[in-house]
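Everything quoted here is computed from the prediction, not taken from an experiment. Quick note: residue numbers are just sequence positions, from 1.
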Amino acid sequence: MAGELQMNPQMEQIHGEIRDNFRALANGFQKIDKIKDSNRQSKQLEELTGKMRECKRLIKEFDREIKDDEARNTPDVNRQLNDEKQSMASLLALYMNTLGNKKLELFDTGAGISEPTAEENVQMASSMTNQQLIDSGKKTMDETDQVIERSKQVVEQTIEVGTQTAVTLKGQTEQMGRIVNDLDTIQFSIKKASQLVKEIGRQVATDKCIMLFLFLIVCGVIAIIIVKIVNPHNKDIRDIPGLAPPAPTRRLLYLRDHMGDFQ
């Protein structure tokens, strides 16, 4: 293809590197169908992904070279170069689609979905014309755009859910803060109440001691009064102030009244 197209040396070098990368991709996809170990498959897919990035970079450089030489080339040469660029871009898109399918197969084994193998895709791409490759690439890019659009919607929904979750968490955090403050207030109130209960307990104990002391005094006074009444001649017990001495018996009064008659 490089000999049929009129290219400058830089463009020919880029074109050759792109073709070398495409051959490496074809061989890589043929090898990956024979690999059974998932770890080796994953490593091979990473290598293929790196090759595709390199192809994408080289195709962009090829496009810049076309634009730089556009004024010096004839319209027919420019058309051929652009067709070649579109063909390479479509083939790269087909490889990218195959890579995506392989990644899905790797992470979703046993799903029962029958996808074309990488070797079949390479053979199909080799048998297609440039126009068919362009149409297939456009279809793949449209499907990719749809997938990207759905991914954007999922991301937007995720961001919205995350925002709502953040607002909810903020409200719950503020509520927890208020609960903590209320708990501190309740704990302080309980501490003050405990101190007040202790003070009341000490006061009640003091009042009980005073009442017990008064009760003992009253009991002592009552006991003295009873003893004084029962044994009025007991000199060991002093008269209680305000309490009249016991009245003399009737016999004593009679003797005192008639003592004068005997004299």
Mark yes or no for whether [X], through its side chain, and [Y], through its backbone, hold a donor-acceptor pair below 3.5 Å.
X: S87; Y: D83; value: no
X: N82; Y: N78; value: yes
X: N21; Y: E17; value: yes

message: Could you check whether Q80 and D76, counting side-chain N and O atoms only, form a donor-acceptor pair closer than 3.5 Å?
response: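 A donor-acceptor contact under 3.5 Å links the two side chains.
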
- prompt: Any side-chain heavy atom of I66 sitting closer than 4.5 Å to one from M11?
  reply: yes

Within-4.5 Å side-chain heavy-atom neighbours: K51 and F22: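 They are not in side-chain contact.
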
Distance from [X] atom [atom1] to [Y] atom [atom2], nearest 0.5 Å?
X: M7; Y: D69; atom1: CE; atom2: CG; result: 11.0 Å
X: L58; Y: D63; atom1: CG; atom2: CG; result: 12.5 Å
X: E12; Y: Q10; atom1: CD; atom2: CD; result: 10.5 Å
X: E46; Y: Q44; atom1: CD; atom2: CD; result: 10.5 Å
X: L92; Y: M96; atom1: CG; atom2: CE; result: 6.0 Å

Can you tell whether the side chains of [X] and [Y] come within less than 4.0 Å, N to carboxylate O?
X: D182; Y: R178; answer: no
X: R19; Y: E84; answer: yes
X: R64; Y: D68; answer: no
X: R57; Y: E61; answer: yes

